[in-house]
Amino acid sequence: MTGEYGGAAFVLVYLVCILSVGVPVMMTEIALGRRGRGSPIDAIRRMASESGRSPAWSLLGWMAMLCGFLILSFYVVVAGWSFAYLWKMLSGGLAASSVDDMAAIFAANNANPWSLGAWSSLVTLATMLIVGKGVQSGIERSVSWMMPGMVIMLMIMIGYGAFSGGFSEALAFLFAFNAGSLSSEGMLAAMGHAFFTLSLASGAILTYGSYLPREVSIARTTLTVAVADTLVALMAGLAIFPVIFANGMEPGSGPGLIFMSLPLAFQAMPLGTLFGTLFFVMLSMAALTSSISMVEATVSWLTDNKGLSRRAAAWGTGIVLWFISTLAMLSFNVGAEWTLLGKHFFDWLDFLTSRLMMPLGGLGMALMAGFVLSSEALREELGLSPLAHGLWLFMVRYVSPLGILVIFVDALGWLDIDFAAQWPWLLLALAVMAVIGELTRPGLRRALSC
C-alpha cells in the first residue's frame, strides 16, 4: 500500500490514523475483554449487564467473532501463497527472467486446485495444532519465537539493503514527504489500513484482552502493540524497497510486489536464494500468527459455552474452516466462473468482512463505550488520569466514529469523498458532531440503550 500510494505521504497519514482511530478503539476492546473475562459475546454481554443495558449489545460480539472466522476462511488461502513460495524458493521453482514470467508462475500456482488447496490446508492444520494446545502452551510459546525470529530476519534484510545500492532511494521514498502525492484515495486507504492492521472488530483483540492480568496497564499495552506493529511495518519497507530500487523495479505494483517483482529481484542479487528464503519464512510466520489470532475468539467461545475441551473446539472449528476456505480457494481455479453480482466467493468474503462487518463492528464498539456502558466501570478498567481519560472519551465518542464512517461510506461507494481537498469540512463536521453529541448526550444514551 505504501508503494501504491506514494510512500511518505501515505506513511504520515497512516501514523495519524493509528493514533486517532486505531489506538482508542483498541483500548476499548482490551478494556471490554478484560472487564468481561470471556469471548467477545460473553464479555460484551457481561459489560452490558453490569451497566444495566440490553443484552442485545452482545450482537456486536457475535458479529466480531463471525467476522474473524470469515476473514480467516479466505486468509488461509493467501497465507498458503506464502508457504507455497517458500517451497518454490527452496526448490528452485521461481526461476524466471521477467515479471511476466513471474506472473505466469503465480497464475499457475493458483490454477492448480490440488496444490493451492494443499497449502491452504497446511495453514489450517498448523493453526489448529497451535491453538488446540492452549493460550500458554500453544499460542504464547509459538509466538514467543516466531515474532522475534521475524524481526531478526527483517534486520538481516535491512542490513543487506543498506549495501544494495537502493537504500537511499528507499529512505527518501518512505520518509521524504511530498504533499503532491497525498491523494484522497491514499488518505482513505491509510485510514482503513490503520483500522484493519490492528485486527479491530474481528474478535481477536477483545479475546486477548480477556487474558490480560489486572495489574497490566491497558494504555501502555495498546501503545506498545501499536508502536511495535508500526515499527515492523516500517522495517518491512526498509527491507523490501532497497531491493526493489536497486533492481530498477516499480514500487507501486501492489500485491505483485511480493509474489512477482520481489522474487525476481532476489534472483538478481548475490545470495538471493538465501535472502528470498529468509523473506518467505518471515512472511509465512507473520501469516501464521495472524491466523492464530483470528480463530482464538471462536475457540474461546466454544470452550466457555459448549463444554468442549480446547482441543475438540479447535479441531471442530478447523473442519468447518477447511470447508469454507476450500470454496474460497476454488474461486481461483475450477470455481472461477461461480460468481454472484460479479464477485467470486473469495471476493464476497473479503467484501463482507473488510467493507461491512469490521467498520460497523468498530463503530458499534466506539459508540457503546462512549455513550452506553458505565463510565465508571470503563474509567476503573482503563486506569487513566482525568486528562487522558477525557481525551480517550472524546476520541471514541467523536473522532473514531467519524473516521470509521468515512471509511465505510467510501468503501461502499455511496459518496465520492475527495478527502485530500475536503479535510477542513470533515474537521468542521467533527466539531459539530461533538457539540451536538454533548448537548444531546442523555437522549442519545437512552436511544442507544434501547
Min side-chain heavy-atom separation [X]-[Y] under 4.5 Å:
{"X": "W301", "Y": "K306", "value": "yes"}
{"X": "L171", "Y": "L238", "value": "yes"}
{"X": "T197", "Y": "I18", "value": "yes"}
{"X": "M368", "Y": "M47", "value": "no"}
{"X": "I30", "Y": "Y208", "value": "no"}

Pair D350-K343, side chain to side chain contact (heavy atoms under 4.5 Å, CB included): steps then yes or no
CA-CA 10 Å; D350 184 17; K343 286 184 171 61; over 6 Å; no
Would you indicate whether R214, at its atom CZ, is surrounded by more than 12 heavy atoms from other residues, nucleotides or ligands within a distance under 6.0 Å?
yes
Can you confirm whether R46 is buried at CZ, in the sense that more than 12 heavy atoms of other residues, nucleotides or ligands lie under 6.0 Å from that atom?
yes
For the student: nearest non-hydrogen atoms of [X] and [Y], plus distance:
{"X": "P242", "Y": "G237", "value": "CD-O, 3.6 Å"}
{"X": "A239", "Y": "M157", "value": "CB-CB, 3.8 Å"}
{"X": "W322", "Y": "S121", "value": "NE1-OG, 2.7 Å"}
{"X": "T127", "Y": "V295", "value": "CG2-CG1, 4.0 Å"}
{"X": "P24", "Y": "S400", "value": "CB-OG, 3.8 Å"}
{"X": "I71", "Y": "S202", "value": "CD1-CB, 4.4 Å"}

Verdict with reasoning, L234 to T230, per side chain to side chain contact (heavy atoms under 4.5 Å, CB included)
CA-CA 6 Å; L234 293 174; T230 304; 4.3 Å; yes
Ring-ring centroid check Y398 F394, cutoff 6.0 Å
yes
Is the distance from the ring center of F351 to that of W348 below 6.0 Å?
yes
Any donor and acceptor pair, going by atom type alone, linking the side chain of [X] with main-chain N or O of [Y] inside 3.5 Å?
{"X": "T303", "Y": "V299", "answer": "yes"}
{"X": "D229", "Y": "V225", "answer": "no"}
{"X": "S120", "Y": "V77", "answer": "no"}
{"X": "S58", "Y": "G61", "answer": "no"}
{"X": "R53", "Y": "L373", "answer": "no"}
{"X": "R397", "Y": "L367", "answer": "no"}
{"X": "S51", "Y": "A48", "answer": "no"}

What distance do [X] atom [atom1] and [Y] atom [atom2] have between them, rounded to the nearest 0.5 Å?
{"X": "L60", "Y": "L360", "atom1": "CG", "atom2": "CG", "result": "9.5 Å"}
{"X": "S168", "Y": "F173", "atom1": "OG", "atom2": "CZ", "result": "14.0 Å"}
{"X": "T221", "Y": "L212", "atom1": "OG1", "atom2": "CG", "result": "5.0 Å"}
{"X": "L349", "Y": "M357", "atom1": "CG", "atom2": "CE", "result": "10.0 Å"}
{"X": "S73", "Y": "M294", "atom1": "OG", "atom2": "CE", "result": "9.5 Å"}
{"X": "L32", "Y": "M27", "atom1": "CG", "atom2": "CE", "result": "11.5 Å"}

Check: D347/S331 side-chain N/O donor and acceptor closer than 3.5 Å:
no
Should E50 and R45 count as an ion pair when the cut-off is N to O under 4.0 Å?
no
With the threshold set at 4.0 Å, does a side-chain nitrogen-carboxylate oxygen contact exist between R34 and E29?
no
Sequence neighbours excluded, the answer for side-chain contact (heavy atoms from CB on, under 4.5 Å) partners of T298 is M65, F69, L302, T317
Any residue meeting side-chain contact (heavy atoms from CB on, under 4.5 Å) with L330, in chain and number order, not counting sequence neighbours
P113, T326, N333, V334, W338
Ring pair (Phe, Tyr, Trp, His ring centres under 6.0 Å) against W81, all qualifying residues, sequence neighbours excluded:
F106, F259, F332
Go through V25 and M395 one step at a time and tell me if the side chain to side chain contact (heavy atoms under 4.5 Å, CB included) criterion holds.
CA-CA 9 Å; V25 175; M395 289 291 186; over 6 Å; no
What class does the angle between the rings of Y14 and F10 fall in, given that below 30° is parallel, 30 to 60° is tilted and above 60° is perpendicular?
parallel
Begin with the C-alpha distance, continue with both residues' side-chain angles, and end with the deciding distance and a verdict on side chain to side chain contact (heavy atoms under 4.5 Å, CB included) for R379 and L393.
CA-CA 10 Å; R379 188 186 303 273; L393 201 55; 5.7 Å; no
